[in-house]
Asks: 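I have a structure here, written as structure tokens, and I will follow up with some questions on it.
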Amino acid sequence: MENRQLAETFEAIGDLLEIKGEVVYKVLAYRRAAESIRSQSRAVQDLWREGELRSIPGVGEALATKIDELLHTGKLKFFEELKREVPVTLVEVLRVGDVGPKKAARFWKELGVKDLPGLEAAARAGRLQGMPGMGARSEARILESIEALRARQTGRVSIARALPVAERLLESLRAVPGVVAAEMAGSLRRRRETVGDIDLLVGAQRPRDVIGAFLALPEIGRVRGQGDTKASVELANGLAVQLWVHPPEHFGTALQYATGSQAHNVRLRELAQSKGLSLSEHGFKASSGKMRECADEAEVYAVLGLPWIAPELREDRGEVQAALEGHLPELLTLADIRGELHAHTDWSDGSNTLEEMAEAAAASGLEYLVITDHSKSLGVANGLTPERVRQQRRKIEALQRKLGDRVRLLHGTEVEVLADGQLDFADDVLAAFDLVTASVHSSLRQSRDRVTARMLAAIRNPHVDIIGHLTGRMIGTRDAADLDLEAVFLAAAEQGVALEINSHPERLDLNDVHARRASEVGCLLAVNTDAHRPEHFGLRSYGIGIARRAWVTRANVVNAWEVEQVLRWAAGHAR
DNA sequence: GCCGTTTTCGGCCCGACTGTTTTCAGTCG
């Protein structure tokens with residue numbers, strides 16, 4: 001059983017317990033454990049075999065026993081009994097805005113509502129209004145929320161879709177009179193791979209004026225709520241946006257609060273309490289009632305005795321402890337990247353010529369570019385035969401003479417790892433490349449053992465330098481291949497083979513949790529764009545976000561090295 | 001249900017907004 005399934009089980013238990021009316025701290029304990037399991041860099045199943053379940057934060061005696069039962073039998077009696085008590089389909093009702101555990105429980109007990117269609121039918125029939133504390137407006141609001149939920153399909157959107165929208169909104173807000181600062185916050189600022197909504201924070205003396213100006217923007221579709229300091233809207237394009245406005249004097253605490261994550265904020269507030277302070281978005285309140293405001297975010301951390309923590313780390317994955325101990329990593333930045341190791345041209349499935357891609361690389365400030373067109377078996381991508389590989393090499397050499405020292409071109413390949421684990425080029429063909437990336441594009445649904453064996457075979461081929469987009473997942477559309485990641489990471493570390501963080505926003509593969517584990521066991525990484533056209537070089541910032549979320553530093557990122565070091569490594573890491 | 005340089009028992013973050021309320025519960029982030 002995978003971490004994701006364990007986390008989902010505990011999450012469902014938390015929801016059902018909450019509907020049942022269990023004490024809130026027990027509910028929170030299940031949720032915290034679920035989140036902790038989700039962000040575990042190792043497979044819980046492995047920890048279980050090693051008897052290390054209790055090392056997972058938030059897992060105590062009771063939950064360790066439950067994990068043990070789940071992994072032994074695939075089932076959990078406690079959960080099965082709970083489902084007999086409370087219909088598990090009620091969990092979907094909680095996803096409706098303005099419906100929480102209390103209302104869900106009452107709809108169920110008093111109206112017999114067991115699932116989402118049941119709730120909708122009850123609302124349409126006017127059966128919700130008239131219940132204590134519920135009027136016609138509450139009922140209409142719930143119907144609206146159900147429709148919004150259906151229209152959005154999945155609740156989360158790609159960071160690449162949300163980020164440009166957020167930037168345009170910030171530009172509009174900065175133009176509003178009285179606005180002295182406007183920043184994005186929330187999961188967007190933390191650079192999660194997908195975001196549930198866009199969170200924006202503005203610093204201004206007269207918040208109400210800013211909110212009025214914001215609600216008048218042409219992009220706004222529907223206003224979900226508004227007050228003196230915050231507004232919640234849905235844009236015409238369906239994205240949800242939240243705006244907070246605070247006076248500049250406490251912009252720092254407000255930005256810290258709005259950035260989250262919630263679990264990170266809870267840690268900070270606990271830390272504040274231990275110093276006799278109460279931390280909120282408005283500032284630190286001493287027991288005397290005296291407020292200490294922070295205009296700057298770094299000051300918030302300083303008051304707590306911490307160095308500033310980069311937003312990408314704020315997931316309650318050990319960053320507060322690391323900050324307390326002075327062990328925060330010096331994170332990779334976009335400026336650290338010197339070269340691109342994975343790019344395609346019209347020789348295979350890219351859109352542009354060698355020369356156009358080389359010019360674009362030079363223009364974007366890259367020192368070197370490795371051309372890695374596909375190999376012959378990837379027919380849909382017009383993969384290269386060995387003969388075309390030789391032709392391409394001559395072209396690249398000629399182009400290099402023309403380019404001079406503006407950008408260094410290297411000849412590489414993205415060679416297919418075939419269904420049987422063989423590579424798509426013979427060893428003598430592979431040996432002639434400057435750099436070899438091996439990737440899987442098909443037969444991703446093979447059994448765990450077979451996919452893992454293919455990857456291990458590729459890693460152990462002495463010519464392979466990098467494994468491209470390891471799991472093959474496409475966010476929201478294709479699941480990751482079932483792989484023994486731990487075995488792959490250990491083999492890659494041993495062979496000195498680098499693992500790619502593919503920056504394409506639909507891939508982001510490795511993801512943050514996996515990249516962190518790979519890095520922990522000593523793997524080299526490469527933050528590549530897999531560019532198929534010049535604009536794609538700009539996607540690297542998304543890969544950098546993942547690398548930072550994975551606590552990655554410059555030293556073990558191959559394309560942060562100078563080109564000569566890359567070539568020495570490519571020539572010599574195999575044993 | 002978890003957890004411990006205040007504790008192995010008694011705590012467990014903090015505030016805004018909404019709707020339907022004459023003072024607050026529920027939801028959300």
Side-chain angles (χ1 to χ4, degrees), chain A residues 10 13-14 17-19 21-36 53-67 78 93-107 128-142 144-145 185-188 190 195-201 207 211 223-233 240-246 250 253-254 256-285 304-305 316 320 324:
Chain A
F10 284 158
I13 291 174
L17 288 176
E18 194 174 32
I19 293 170
E22 186 56 86
V23 286
V24 61
Y25 295 110
K26 189 182 282 196
V27 174
L28 287 175
Y30 276 94
R31 295 215 173 116
R32 195 175 304 136
E35 194 45 52
S36 180
L53 286 178
R54 297 288 297 274
S55 71
I56 303 168
V59 173
E61 197 183 335
L63 288 185
T65 306
K66 289 187 169 69
I67 294 174
F78 174 73
V93 167
L94 293 179
R95 285 167 46 221
V96 177
D98 304 314
V99 179
K102 299 283 181 4
K103 286 183 191 167
R106 289 183 41 206
F107 295 156
L128 304 189
Q129 50 178 304
M131 297 175 74
M134 297 268 307
R137 299 177 75 159
S138 299
E139 188 174 79
R141 227 176 134 88
I142 285 171
E144 266 181 41
S145 295
S187 49
L188 207 48
R190 303 200 309 278
V195 301
D197 63 9
I198 294 173
D199 295 306
L200 303 176
L201 179 71
I211 287 181
V223 179
R224 280 191 53 85
Q226 69 180 98
D228 291 342
T229 64
K230 62 180 282 194
S232 172
V233 306
V241 181
Q242 289 213 80
L243 172 72
W244 285 275
V245 188
H246 284 270
H250 62 253
T253 37
Q256 195 291 311
Y257 156 76
T259 299
S261 66
Q262 222 177 130
H264 174 85
N265 288 357
V266 168
R267 287 272 173 244
L268 293 196
R269 287 168 178 200
E270 285 169 353
L271 195 54
Q273 278 200 321
S274 73
K275 295 177 186 296
L277 299 168
S278 166
L279 171 61
S280 77
E281 57 266 47
H282 303 290
F284 291 93
K285 187 155 62 177
L304 295 170
D316 189 25
V320 174
L324 280 168

Asks: Anything under 4.0 Å to a heavy atom of chain A counts; send over the first and last such nucleotide of DNA chain B, read 5' to 3'.
Replies: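 Contact boundaries, 5' end first: B:dG1 to B:dG29.
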Asks: Could you measure between the two P atoms, the one in B:dT6 and the one in B:dC12, and give it in whole Å?
Replies: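 To the nearest whole Å, 15 Å.
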Asks: Any base atoms under 4.0 Å from A:G186, or only sugar-phosphate, or nothing? Heavy atoms, all strands.
Replies: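 Result for A:G186 = nothing.
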Asks: Return the set of residues passing salt bridge (Lys or Arg N to Asp or Glu O under 4.0 Å) with A:D228 (not counting sequence neighbours), or none when no residue passes.
Replies: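 Checked A:D228 against salt bridge (Lys or Arg N to Asp or Glu O under 4.0 Å); matches are A:R208.
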Asks: For residues 128-138 of chain A, which residues have at least one heavy atom under 4.0 Å from DNA chain B?
Replies: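 Result for residues 128-138 of chain A: A:G133, A:M134, A:G135, A:A136, A:R137, A:S138, sorted by number.
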Asks: Closer to the 5' end of DNA chain B via nearest nucleotide, is it A:F78 or A:V96?
Replies: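 It is A:F78 whose nearest nucleotide is closer to the 5' end.
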Asks: Using a cut-off of 4.0 Å on non-hydrogen atoms, how would the nucleic acid contact of A:D228 be classed: base, sugar-phosphate, or nothing?
Replies: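 Since only primed, P, OP1 and OP2 atoms lie under 4.0 Å of A:D228, the category is sugar-phosphate.
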Asks: Base, sugar-phosphate alone, or nothing: which one does A:R141 contact when heavy atoms must sit under 4.0 Å apart?
Replies: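 Answer is sugar-phosphate: A:R141 comes under 4.0 Å of backbone atoms only.
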Asks: P atom, B:dT23 versus B:dC28: distance in rounded Å?
Replies: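 It comes out at 26 Å once rounded to the nearest Å.
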Asks: Show your working on salt bridge (Lys or Arg N to Asp or Glu O under 4.0 Å) between A:D98 and A:R224 and close with a plain yes or no.
Replies: CA-CA 11 Å; A:D98 304 314; A:R224 280 191 53 85; 3.7 Å; yes
Asks: So what does A:K275 hit on the nucleic acid, given a heavy-atom distance under 4.0 Å: a base, only sugar-phosphate, or nothing?
Replies: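 It contacts nothing in the nucleic acid.
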Asks: Looking at every strand, decide which applies to A:V24 at a 4.0 Å heavy-atom threshold: base, sugar-phosphate, or nothing.
Replies: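 Since no nucleic acid heavy atom lies under 4.0 Å of A:V24, the category is nothing.
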Asks: Taking the nucleotide of DNA chain B with the nearest heavy atom to each, does A:P57 or A:G100 sit closer to the 5' end?
Replies: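 By nearest-heavy-atom nucleotide position, the 5'-most residue is A:P57.
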Asks: Taking atom P in both B:dG4 and B:dC13, what distance in whole Å separates the two?
Replies: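 That atom pair is separated by 14 Å.
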Asks: Excluding sequence neighbours, so at least two apart, what forms salt bridge (Lys or Arg N to Asp or Glu O under 4.0 Å) with A:K26?
Replies: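 A:K26: salt bridge (Lys or Arg N to Asp or Glu O under 4.0 Å) contacts with A:E22.
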Asks: Say we look at B:dC2 and B:dT7: how far apart would their C1' atoms be, to the nearest angstrom?
Replies: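 It comes out at 13 Å once rounded to the nearest Å.
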Asks: By salt bridge (Lys or Arg N to Asp or Glu O under 4.0 Å), which residues pair with A:D316, not counting sequence neighbours?
Replies: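 Salt bridge (Lys or Arg N to Asp or Glu O under 4.0 Å) list for A:D316, sorted by chain: A:R267.
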Asks: Only counting residues at least two apart or in another chain, list the ones meeting ring-ring contact (aromatic ring centres under 6.0 Å, His included) with A:F107.
Replies: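 In terms of ring-ring contact (aromatic ring centres under 6.0 Å, His included), with neighbours along the sequence ignored, A:F107 is linked to no residue.
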Asks: Quick one: label A:Y30 by what it contacts on the DNA or RNA (base, sugar-phosphate, nothing), any heavy atom closer than 4.0 Å.
Replies: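 A:Y30: backbone/sugar contact only, no base atoms under 4.0 Å.
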Asks: Using a heavy-atom cut-off of 4.0 Å across all strands, would you classify A:S278 as base, sugar-phosphate, or nothing?
Replies: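 Sugar-phosphate: the residue A:S278, judged by heavy atoms under 4.0 Å, touches backbone atoms but no base.
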Asks: Expressed as a whole number of Å, how far does the C1' atom of B:dG26 sit from that of B:dT20?
Replies: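 Nearest-Å result for B:dG26 against B:dT20 at atom C1': 12 Å.
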Asks: Assign A:L279 to base, sugar-phosphate, or nothing according to its heavy-atom contacts below 4.0 angstrom with the strands shown.
Replies: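 Sugar-phosphate, no base atom in range.
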Asks: Rounding to the closest angstrom, what is the interatomic distance between B:dG1 and B:dT8 at atom C1'?
Replies: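 Straight-line distance between the two C1' atoms is 15 Å.
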Asks: Determine the contact category for A:Q262: base if any of its heavy atoms lies under 4.0 Å from a base atom, sugar-phosphate if only primed atoms, P, OP1 or OP2 are that close, otherwise nothing.
Replies: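 Here A:Q262 touches the bases of the nucleic acid.
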Asks: So which nucleotide does B:dT8 pair with, by the Watson-Crick or G-U wobble rule with both distances under 3.5 Å?
Replies: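 Pair assignment: B:dT8 / none.
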Asks: Would you mind reporting whether A:W244 and A:D199 have side-chain heavy atoms less than 4.5 Å apart?
Replies: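 They are in contact (side-chain heavy atoms under 4.5 Å apart), so the answer is yes.
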Asks: Considering only atom C1', compute the distance from B:dC14 to B:dC9 and round it to an integer number of Å.
Replies: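 So the two C1' atoms sit 25 Å from each other.
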Asks: With sequence neighbours excluded, tell me which residues meet side-chain contact (heavy atoms from CB on, under 4.5 Å) with A:E35.
Replies: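 A:E35: side-chain contact (heavy atoms from CB on, under 4.5 Å) contacts with A:R38.
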Asks: With rounding to whole Å, what would you report as the distance between B:dG11 and B:dT18 at their C1' atoms?
Replies: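 Result for the C1' pair: 31 Å, nearest Å.
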Asks: Considering residues at least two apart in sequence or located in another chain, which fulfil the salt bridge (Lys or Arg N to Asp or Glu O under 4.0 Å) criterion with A:R31?
Replies: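 Counting only residues at least two positions away or on another chain, A:R31 forms a salt bridge (Lys or Arg N to Asp or Glu O under 4.0 Å) with A:D15, A:E18.
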Asks: Please work out which of the three classes, parallel, tilted or perpendicular, describes the rings of A:Y30 and A:F10, given edges at 30° and 60°.
Replies: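 Ring orientation of A:F10 relative to A:Y30: perpendicular.
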Asks: What pairs meet the side chain to side chain donor-acceptor pair (under 3.5 Å) rule with one or both residues in residues 53-64 of chain A, with sequence neighbours excluded?
Replies: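 Of all non-adjacent pairs touching residues 53-64 of chain A, none passes side chain to side chain donor-acceptor pair (under 3.5 Å).
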